[in-house]
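Inspection log for the structure reproduced underneath, given as structure tokens.
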Amino acid sequence: MARIFDQLSASFALAKAGLIATLRSPTSVVFSLLFPIIFIVVFGSMVNTTVVHLKVAFAPECDTGNIVYKSILKIENIQVDSSLSATGATDALKKGRLTAIINIKKDTTNTPFPHYNILITSSASSGGASSVLENILYTTIASVNDKIFPANASIASLADNELPGRKYRQIDFILPGQLGFSLLMAGVFGSAFLLFSLRKNLVLKRLSVAPVNRFYLILGEMLSRLFFHMLSFIIIIALGYFAFSFTLTNGVYTFLEMFIFSLLGLLIFMGIGFIISGLVHHESSIAPIANTVTLPQILLCGLFFPIANYPHWLQSFCNILPLTFFVDGLRKIAFEGTHLWQMPLQVAGLSVWALIIGFACVRSFKWE
């Protein structure tokens, strides 16, 4: 029993020393706190991207004294640029700066009621935005018809029934991804450089003659990183919640479950860093290898874009990466209110990765 106690005491002493060294490292602070905070502030301050915003201009000869024109001006996601001349509007349309040029003309044929012809001029540079504009204008015209001709016959009627639910904000997608980015980068790079530095400076060689088991040495280093990154975790969650209304469905209980889940993810990312530090022989090799491991996960694990946007053949690979399990789990816990025991796929996926990386971490450890 005394032997185990001594080993644990040594682990905690190493953890304390490692934590102090981490707090003094600019690289660790930048990757763990500064970058994620910048991303959260930038993306959290952006407007809602779920609404399609269309920029249009009206032709100089457009009839602006009718109800159709006034109804178009009231559409929230249509922005009218009235500063452009006819030539300027055409040039902006060709360069993709405008969705379309709208021209409304009164129908001069003899009709029992006012009638207008709407011409939409678009270009290939507007992509599918012009089709969206057409659908919006069709809906607007139908709405005006219902007001003017309420007794007009129709083959069907449409009613809208909106169920109550939580409002999904952009920060609810971005913040879990930035947590994953922060823990991945800091865990891999910070652990790899720190352990390599200890080996290069012969600190580990001196420890090798001490009665410290290899497992408890790794445990001590991991504990130091855990303390630091959990501090950054708290700061990032607090920033998202208080500044940008990040959703914590069950309040403090959701926060605690995210905290526990993050411990498992961080163990995996730090283990990857320890493996890299044990395999390389030169410090200059750490960054290229670490980037090779982290960059595909950052791009493919849904940090910035949903995995569903990728081709089907690529989604299968994305879904088995550890960062995918981690970010998906955080989003389920935060917004959906899912408990840890209710998402076996994410927990099991991270557990399998933890066992694989933990075994490789111990096997690749070197004293010098």
Side-chain angles (χ1 to χ4, degrees), residues 38-39 41-150 152 154-156 158 160 167-171 173-174 177 244 299 302-312 314:
I38 291 174
F39 278 120
V41 171
V42 170
F43 285 106
S45 302
M46 289 174 62
V47 296
N48 186 8
T49 56
T50 60
V51 178
V52 178
H53 293 274
L54 307 171
K55 190 174 182 180
V56 302
F58 287 100
E61 65 275 16
C62 176
D63 183 354
T64 60
N66 57 79
I67 189 174
V68 177
Y69 174 81
K70 295 177 182 178
S71 298
I72 293 175
L73 293 181
K74 294 179 181 179
I75 301 175
E76 294 183 359
N77 53 327
I78 290 184
Q79 178 186 356
V80 179
D81 190 339
S82 56
S83 64
L84 297 173
S85 62
T87 304
T90 302
D91 184 62
L93 184 62
K94 292 179 179 179
K95 295 179 179 179
R97 298 173 184 172
L98 281 180
T99 301
I101 299 174
I102 302 175
N103 190 6
I104 305 174
K105 291 184 177 181
K106 188 174 182 178
D107 193 346
T108 57
T109 60
N110 294 325
T111 57
F113 50 83
H115 185 267
Y116 299 91
N117 296 319
I118 304 175
L119 174 64
I120 300 175
T121 303
S122 60
S123 72
S125 59
S126 62
S130 59
S131 299
V132 176
L133 177 62
E134 289 183 23
N135 292 330
I136 292 176
L137 293 182
Y138 278 127
T139 304
T140 303
I141 294 171
S143 177
V144 174
N145 286 336
D146 289 340
K147 292 179 181 179
I148 299 179
F149 311 110
N152 193 30
S154 175
I155 195 172
L158 177 65
D160 183 20
K167 182 179 180 181
Y168 190 79
R169 302 176 179 86
Q170 184 168 276
I171 193 66
F173 180 84
I174 291 297
F244 302 105
L299 297 177
L303 264 66
F304 303 102
F305 309 101
I307 293 178
N309 292 350
Y310 295 118
H312 290 290
L314 187 58

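The shown structure was predicted, so the numbers you read here are calculated from the model rather than taken from an experiment.
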Heavy-atom side-chain contact between I102 and L119 under 4.5 Å: no
Side-chain ion pair, D81 and K55, N-O less than 4.0 Å: yes
Heavy-atom closest contact (S71 atom, V144 atom, distance): OG-CG2, 3.4 Å
Spacing of NZ belonging to K105 relative to CG belonging to D63, to within rounding of 0.5 Å: 11.0 Å
Sidechain-backbone polar pair: T139 side chain, N135 backbone, donor-acceptor under 3.5 Å: yes
Heavy-atom side-chain proximity of I104 to N117 below 4.5 angstrom: no
More than 12 heavy atoms from other groups under 6.0 Å of CD on E61: yes
For the student: nearest non-hydrogen atoms of I101 and T90, plus distance: CD1-N, 3.9 Å
Separation of E134 CD from I120 CD1 (nearest 0.5 Å): 5.0 Å
Partner residues of D91 under the side-chain hydrogen bond (donor to acceptor under 3.5 Å, both in side chains) criterion, sequence neighbours left out: K95
L93 backbone acceptor or donor facing S123 side chain under 3.5 Å: yes
Validation row: N77, I136 side chains within 4.5 angstrom (heavy atoms): yes
Separation of N103 CG from Y116 OH (nearest 0.5 Å): 13.5 Å
Side chain proximity check, L84 to L98, heavy atoms < 4.5 angstrom: yes
Y69 ring center near F58 ring center (under 6.0 Å): yes
